[in-house]
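Per chain, numbering begins at 1; letters A, B, ... match sequence-line order.
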Amino acid sequence: MRVGLEGHVVGRTLSSVEVLHPRAIRRHLPGASDFTGRLTGRKLVATRRRGKYLWVELDGELALLAHLGMSGQLLVQPVGAPDEKHLRVRFRFADDGPELRFVDQRTFGGFLVDELVTVDGADLPTAIEHIARDPMDPAFDPAAFVTALRRKRTELKRALLDQSLVSGIGNIYADEALWRARLHWSRSTERLSAAKAREVLAAATDVMREALGQGGTSFDALYVNINGQSGYFDRSLAVYGQEGLPCGRCGTPIRREPFMNRSSYFCPRCQRRTK
DNA sequence: CAACCGCCCTGGGTGC
DNA sequence: TGCACCCAGGGCGGTT
């Protein structure tokens, strides 16, 4: 998504911004008129990503920060193309070329305009100062992650989802990484060996790299790239959403258990629960 | 302070 | 056919 966006918007100047649903900018506390006011006339300089956050650097040390939530899409569409049913924000450009649209059925996604701050050598929007580097980041420190993980006193999957430890891992990639590392989601972080911690991190990194290579995960057909095409990593899922189907390693039916008001999928034989 | 819970929201699917 | 209900997801405020 970031790469696609880069090719379409970098170097262009915003001429108008239209907020069609207030929830899409709920994290921009000064409100819609401030949001559009700060963006209008601004030039887009670069696209950046950290974990699940995406932002566009603007001239003037500002950033347009986005989180797509679970159903958010950024689409490039010709001016005048029919509005999508769930169109939430429209960005138009001074060159009158194709516009950028934020389409989001479930309205978990959204934007804010934010100032940049330097944290540990990286320029970040202030709102995401607490978000850790993701495993694709060249400056990501695996050893520091392992140390921080083992200092936690919680369940392993909770820690993998904690975006202040490592970012970019959500419910799907956590389950896939745990299956690859043969660890149950409820394993305690403080009793996890450093070797096992490294293993689950490596598995998560592999899952993310493979998913990126395939354009992401689109199990519910709501995830699409900048051209409206879905990723197809869902074809590669070993456990997520596979309840009752045989484990690819041992054939035991995959099980689903409630976890934090959602679900964890795992192989009950490969991923034994420990005390 | 760390850990944890519940809520935000929409629409597709299911069961009655 | 229509209605009530459930579920998916990430992040954050509030509570323990």
Side-chain angles (χ1 to χ4, degrees), chain A residues 1-2 19-29 49-55 65-74 83-89 101-112 114 124-135 145 147-178 185-192 204 207-208 211 216-224 230-231 233-234 237 239-244 254-266:
Chain A
M1 180 69 80
R2 187 199 68 76
V19 177
L20 295 106
H21 194 302
R23 248 186 82 76
I25 57 148
R26 67 192 181 284
R27 290 185 67 186
H28 187 84
L29 300 180
R49 184 186 63 77
R50 174 174 283 201
K52 302 169 188 176
Y53 286 90
L54 176 68
W55 67 96
L65 177 63
H67 193 300
L68 302 180
M70 64 181 288
S71 56
Q73 311 169 11
L74 286 172
D83 286 2
E84 291 76 8
K85 185 176 179 189
H86 303 295
L87 178 63
R88 308 302 191 198
V89 185
R101 296 179 179 184
F102 178 62
V103 176
D104 187 14
Q105 181 214 101
R106 292 174 202 168
T107 68
F108 271 92
F111 300 92
L112 66 152
D114 202 3
L124 296 180
T126 59
I128 61 164
E129 273 186 75
H130 63 291
I131 301 295
R133 293 182 190 271
D134 63 68
F145 166 77
T147 303
L149 179 78
R150 297 176 72 227
R151 263 204 297 264
K152 286 275 174 185
R153 296 196 315 274
T154 190
E155 294 164 343
L156 178 55
K157 185 172 170 184
R158 280 181 180 276
L160 292 176
L161 297 176
D162 182 344
Q163 306 294 301
S164 70
L165 285 178
V166 56
S167 66
I169 301 175
N171 199 40
I172 298 173
Y173 297 163
D175 281 0
E176 294 299 308
L178 289 165
W185 60 265
S186 69
R187 277 283 292 257
S188 81
T189 46
E190 68 264 41
R191 285 198 289 276
L192 192 69
V207 167
M208 295 168 84
T217 310
S218 60
F219 63 93
D220 64 0
L222 287 174
Y223 287 96
V224 292
S230 294
F233 187 67
D234 58 319
L237 296 175
V239 286
Y240 186 83
Q242 310 297 308
E243 185 180 19
I254 298 302
R255 193 172 294 168
R256 179 172 73 92
E257 287 182 352
F259 169 79
M260 290 172 76
N261 291 324
R262 51 190 105 163
S263 298
S264 277
Y265 296 87
F266 64 101

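- When each of Ile25(A), Asp104(A), Val19(A) is paired with Arg88(A), the side chain to side chain contact (heavy atoms under 4.5 Å, CB included) condition holds for Asp104(A) and for no other.
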At a cut-off of 3.5 Å, list every protein nitrogen or oxygen paired with a nitrogen or oxygen from nucleotides 11-13 of chain C, distance to 0.1 Å.
residue, atom, partner, partner atom, Å
dG11(C), OP1, His67(A), NE2, 2.9
dC12(C), OP1, Arg27(A), NH1, 3.2
dC12(C), OP1, Arg27(A), NH2, 2.2
dC12(C), OP2, His130(A), NE2, 3.4

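- One can place CZ of Phe108(A) at 15 Å from P of dC7(C), the figure rounded to the nearest angstrom.
- Atoms CE (Met260(A)) and P (dC4(B)) sit 9 Å apart, rounded to a whole Å.
- Using a cut-off of 4.0 Å between Lys/Arg side-chain N and Asp/Glu carboxylate O, Asp162(A) and Lys152(A) are scored as salt-bridged.
- Residue Gln105(A) contributes atom CD, which lies 15 Å from atom C1' of dC8(B) at whole-angstrom precision.
- Summary of helix geometry: the two end axes of the helix from dA2(B)-dT16(C) to dC16(B)-dG2(C), each defined by five base pairs via their C1' atoms, are inclined to each other by 50° (rounded to 10°).
- Interatomic distance, Thr154(A) OG1 to Leu165(A) CG, rounded to the nearest 0.5 Å: 10.0 Å.
- Taking 4.0 angstrom as the limit, Thr154(A) places none of its side-chain polar atoms (N or O) nearer than this to OP1 or OP2 of dA2(B).
- In this structure, CZ of Arg158(A) is placed 5 Å from P of dC4(B), rounded to the nearest angstrom.
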Test log, rule side-chain contact (heavy atoms from CB on, under 4.5 Å), inputs Leu160(A) and Leu178(A) | CA-CA 10 Å; Leu160(A) 292 176; Leu178(A) 289 165; 3.9 Å; yes
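- Distances shown here put every side-chain N or O of Ser263(A) at or beyond 4.0 Å from the OP1 or OP2 atom of dC7(C).
- The CG atom of Leu112(A) lies 10.5 Å from the CZ atom of Arg26(A); values are rounded to the nearest 0.5 Å.
- Ion pair Lys52(A)/Asp134(A) not flagged as a salt bridge, since none of the NZ, NE, NH1 or NH2 atoms sits closer than 4.0 Å to an Asp/Glu carboxylate oxygen.
- Atom CG in Asp162(A) sits about 12 Å away from atom C1' in dC4(B), given to the nearest Å.
- The nearest whole Å value for the distance from the CZ atom in Arg106(A) to the C1' atom in dG12(B) is 8 Å.
- A straight line from NZ of Lys157(A) to P of dC5(B) spans 14 Å, rounded to a whole angstrom.
- Checking Asn261(A) against Lys152(A), the closest nucleotide of DNA chain B that is more toward the 5' end is the one next to Lys152(A).
- The nearest whole Å value for the distance from the NE2 atom in His86(A) to the C1' atom in dA8(C) is 15 Å.
- Between the CZ atom in Phe111(A) and the CG atom in Leu65(A) there is a gap of 9.5 Å [rounded to 0.5 Å].
- Across Arg262(A), Lys157(A), Glu176(A), a single residue satisfies side-chain hydrogen bond (donor to acceptor under 3.5 Å, both in side chains) together with Asn171(A), and that is Lys157(A).
- When atom types are taken as modelled, the side chain of Glu257(A) and the backbone of Tyr265(A) share no donor-acceptor pair closer than 3.5 angstrom.
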